[in-house]
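Reckoned from all heavy atoms, side chains included, excluding hydrogens, waters and symmetry mates. Please read these numbers as outputs of a predicted model, since none were measured by experiment. Quick note: residue numbers are just sequence positions, from 1.
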Amino acid sequence: VGNTDVKPGDRYALTYLPGRGLELALNGIPRGAPIEGADFAAAVFAIWFGKVPFSESFKRDLLRLSS
């Protein structure tokens, strides 16, 4: 997969696909092969949604929770 410049309005998505792995997509188009392992996906998602996320306010924003 070649390099792609990210433009305003572009959307990245991380999706865990059981039996396949963690997939990264840009504007709905997969970017490379999924990375296998539910443990890997859980570790990646924990960065944003875990008990100690890198930013509590960012976590609330992603989950659309009130302060």
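By the side-chain contact (heavy atoms from CB on, under 4.5 Å) test, I29 is found to be paired with no residue, residues two or more places apart in sequence or in another chain being considered.
Crowding of E56 atom CD: a count of heavy atoms from other residues, nucleotides or ligands under 6.0 Å exceeding 12.
If you chain together hydrophobic residues whose side chains sit under 4.5 Å apart, F45 and V52 never meet in one group.
Atoms CZ and CD1, on F40 and I35 in that order, are 4.0 Å from each other to the nearest 0.5 Å. With rounding to the nearest 0.5 Å, the separation of CG in D61 from CH2 in W48 is 14.5 Å. A distance of 10.5 Å separates CG in D5 from CG in L26, rounded to the nearest 0.5 Å.
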When the side chains of residues 10-18 are checked against the rest of the protein, which donor-acceptor pairs come out under 3.5 Å, sequence neighbours left out?
{"unit_1": "D10", "atom_1": "OD1", "unit_2": "N27", "atom_2": "ND2", "d": "2.9"}
{"unit_1": "D10", "atom_1": "OD2", "unit_2": "K7", "atom_2": "N", "d": "2.7"}

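The two residues P34 and G21 come nearest to each other via the heavy atoms CB-C, 4.0 Å.
Within the 3.5 Å criterion, the main-chain N or O of G50 finds a donor-acceptor partner in the side chain of K59.
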